[in-house]
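Presented below is the structure to which this report refers.
One-based numbering, in listed order, for ligands and for the atoms of each.
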Amino acid sequence: MNMNTYKFIFCLIHLLRSISKISALTDSIITSQSLKDGKTLVSEGGSFELGFFSPGNSKNRYLGIWYKNIPVRTVVWVAKRQNPIKDSSGTLMINSTGSLVLSRRNNSAVLYTKPSKGAQDPILQLLDSGNLVLRENIDGNTDVYLWQSFDYPSDTLLPYMKLGWDLRTGLNRRLFSWKNSDDPSPGMLSRGIELAEYPQIVMRKGSRKIYRSGSWNGMQFSGGPELRLNPVFEYKFVFNQEEVYYMYQLKNKSIISRLVLNETTSSRERYVWVEADQSWKLYSVIPRDYCDNYALCGANGICSISNSPVCRCLDGFKPKSAQSWNSIDWSLGCIRNETLDCQSKHDFMKISGFKLPDTPYSWVNMSMNLEECRKTCLKNCSCIAYANSDISRQGTGCILWFGDLVDIREITDGRQDLYIRITASNRPYRPPVKILVVIVTAIAVSCGVLLVSYCVCRWKMKSEEENNGGDNISEVANEDLDLPLFSLATLSLATENFSVNMKLGEGGFGPVYKGTLEDGQNIGVKTLSKYSGQGPNEFKNEVKLIVKLQHRNLVKLLGCCIEGEEKMLVYEYMPNGSLDSFVFDQTRAKLLDWSKRFNIICGVARGLLYLHQDSRLRIIHRDLKMSNVLLDKELNPKISDFGMARTFVGDQSGEKTKRIVGTYGYMAPEYAFYGSFSVKSDVFSFGILLLEVISGKKNRGFDHPQNQNLIGYVSVKQM
Ligand SMILES: *[C@@H]1O[C@H](CO)[C@@H](O)[C@H](O)[C@H]1NC(C)=O
Ligand SMILES: *[C@@H]1O[C@H](CO)[C@@H](O)[C@H](O)[C@H]1NC(C)=O
Ligand SMILES: *[C@@H]1O[C@H](CO)[C@@H](O)[C@H](O)[C@H]1NC(C)=O
Ligand SMILES: *[C@@H]1O[C@H](CO)[C@@H](O)[C@H](O)[C@H]1NC(C)=O
Ligand SMILES: *[C@@H]1O[C@H](CO)[C@@H](O)[C@H](O)[C@H]1NC(C)=O
Ligand SMILES: *[C@@H]1O[C@H](CO)[C@@H](O)[C@H](O)[C@H]1NC(C)=O
Ligand SMILES: *[C@@H]1O[C@H](CO)[C@@H](O)[C@H](O)[C@H]1NC(C)=O
């Protein structure tokens, strides 16, 4: 064969290749082609699909993008959401002059208009990231995106998608929830970056701010500490002359995750697809708790979820109206004890571990150091606070606040310091816990009833226990039993590197994972946030004590792990999960007949009695609730999370505490309002649990025309 034959064959192969490529190109359309209702484009890797769909029960048609491989139709993007197509005439096309047009029977909507002098013919392509791009090849090898769906988000933020501003063009990418599952048009809830001296992500309902992540401090948003042990996500925040945006990336590309605004729950939810269950698993939610509500404590107030009441004034400040403050209306906030006199000498008071205040009136210089920052603030009498704007490298940058300090909350992982201006003579003080007198007769009555029933149950069990010799023999022996310590590596291996698939839930102090040790034993691993500021030795001592608490109605603590900053507790694994997953689940609730429920109630009471009076430590649980009662193989109840309050609160001797752990809906009124606790607070929680197990209804969220909670309903019934 001569050279020409070779050339010919080569050309032929090349030609065949391009032909087959063209016929396989289902991920794009070119000029003058169109995509009709009924046809779809599929991205090259097969992750996403573009086409027309009808949401929920609606008959309207929309152009949208959804996951190709996920059986639960999950739409991540909708074009022209306010503009439904009433029939199946929808067509997406690049018209002959190169504009992207979504047309229907008698009108059309333009997604992109090509300026009159364009170089080449554009191509519309669905990328495997879920981005639909209109790209044009300028000089043979450079592609530019003329238009992309990532610039016009709906309610979903996908990995690598920017939330925020292109300052050059003024484009603001932000999310709006769907109105409801039948109507993708923009709802009330929105989330985006708001430009100020120091930009931040803000979530609004209508025009009202409902949540603020806080400023980016070089490591994270100051108000939204994500998991320290985060094997899944990486976050990025870019703030320069050209762009301000937030983006998240996946450490493991094979994980499928999305972030969505939910109109129903008024929250931002992060989901991860779990292949094994063929379902979306809720990974995290914001707002997380009461304190996340924007400016809950008003101006100059601080919210601490572990306190009761949750709000207090900054040191040196007092409630603007003592009356409304004491009736738990904090919206008026706090004012200075003494007005700041610009002539007198000033100083700054440092507070740490808080989400930085809102920044509507602030000033930023990214290159100043802390000392320069302090001087700058001191010079201007209306500057009331300062902080480092970036804490990632020993602290750089300067942010100053003018006006009131709004929306400060205590956060568990906060490493950020805030300096607040005070008069030099001012000694910081702690305002006394205000005593409220709130008499809720209904609650008191039902509380009495519950107390009686608890005592009866307790008395019955006592006689039972006397018969079988009691449960508390084991703790007498083994005085210097060594604390089983697990290494981080062991636990990491057991939980598949703290993988999302192994996550069982989110406890009060951090996420809980399922794990399997090398010998096949299943365990539950609870990771703890740095709540207590406890040193490793104190922590170890506490765990040593708790390890000795053994009772058949308590979940057995197997040991712990202390390595560097990480603290974890290792428990026996409870295959049946928590009580709420049975009682509040329609199908599983059927497995609990009356005798099982009775057994569960008595078991919980038995465990509680042991904690209260039969164990050496005399532990008040303080967070007894359905989700803290786990069920073993035979559906015997075991109380979990006991001793946590003790470990984390420390001083157990006092009658009053400033740090209130617990869950609304289960807290005794005197505990929630005054922070005074005793075994009676646990009995109250037990009473609620009793009502919930019997009725199958949640105390909180109980829906009845006259009563907002179960306990109110029950006490009215019996009066
Ligand atoms: C293509 O669409 C653009 C935008 O609507 C319009 O201005 C232009 O006239 C259209 N071209 C043709 C050939 O219809
Ligand atoms: C569009 O077409 C529908 C039916 O095909 C008709 O009922 C409607 O009036 C038309 N709208 C306009 C603005 O022409
Ligand atoms: C990534 O995730 C997949 C599925 O969850 C898992 O099978 C794989 O081992 C992970 N890869 C790495 C490097 O962690
Ligand atoms: C919003 O939350 C509700 C209730 O949890 C859920 O049923 C619904 O699917 C969620 N919507 C979205 C868009 O995730
Ligand atoms: C601030 O006011 C409270 C009462 O409102 C008072 O107890 C406290 O001593 C005052 N502190 C200072 C520093 O003036
Ligand atoms: C920011 O601070 C640096 C260092 O103190 C200073 O040189 C610079 O002028 C400041 N910039 C502005 C805009 O104030
Ligand atoms: C103090 O700062 C405020 C806000 O930036 C500014 O309006 C005011 O002029 C400053 N006052 C002085 C004396 O610099």
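The shortest contact between atom 13 (C) of ligand 1 and any protein heavy atom is with Ser96 OG, 3.1 Å. Nearest to atom 5 (O) of ligand 4 among the protein's heavy atoms is Thr265 CG2, 3.9 Å. In this structure, the protein non-hydrogen atom closest to atom 7 (O) of ligand 1 is Thr113 CG2, 4.8 Å. Among protein heavy atoms, atom 2 (O) of ligand 1 sits closest to Asn95 ND2, 2.3 Å. For atom 12 (C) of ligand 6, the closest non-hydrogen atom on the protein side is Asn365 ND2, 3.4 Å. Scanning the protein for heavy atoms near atom 4 (C) of ligand 6, the closest one is Glu372 OE2, 3.9 Å.
A donor-acceptor contact closer than 3.5 angstrom is absent between the side chains of Asn262 and Ser267.
Each of Thr113, Ile94, Thr31 was evaluated against Ser99; a single residue qualifies, Thr113, per the side-chain contact (heavy atoms from CB on, under 4.5 Å) test. Screening Phe48, Phe150, Tyr145, Tyr160 for a side-chain contact (heavy atoms from CB on, under 4.5 Å) involving Leu127 leaves a single residue, Tyr145.
Interatomic distance, CZ of Arg73 versus CH2 of Trp66, reported as 4.5 Å (0.5 Å rounding). Here the CG atom belonging to Leu189 is positioned 5.0 Å from the CE atom belonging to Met203, to the nearest 0.5 angstrom. A distance of 4.0 Å separates CG of Asp585 from OG1 of Thr587, quoted to the nearest 0.5 Å.
Between Thr97 and ligand 1, at least one pair of N/O atoms sits closer than 3.5 Å. Residue contacts with ligand 4: Asn262 is placed with a nitrogen or oxygen under 3.5 Å of a nitrogen or oxygen of the ligand (distance criterion only). Between Trp363 and ligand 6, a contact under 3.5 Å exists for no N or O pair.
Cation-pi contact between Arg81 and Phe176: absent, since separation from the ring centre below 6.0 Å together with deviation from the ring axis within 45° is not met. At least one test fails for Arg258 against the ring of Tyr67: distance under 6.0 Å to the centre or angle within 45° of the axis.
When ring centroids are compared, Trp216 and Phe237 come within the 6.0 Å threshold.
Atoms of ligand 6 found under 4.0 Å from any heavy atom of Ser367, numbered from 1 in the order shown, are 1 (C), 2 (O), 3 (C). Of all atoms in ligand 1, numbered sequentially from 1 with element shown, those under 4.0 Å from a heavy atom of Val110 are 4 (C), 5 (O). Against a heavy-atom cut-off of under 4.0 Å, Met368 is close to the following atoms of ligand 6: 2 (O), 5 (O).
Atom 9 (O) of ligand 1 is not flagged as protein-proximal [any protein heavy atom, distance under 4.0 Å].
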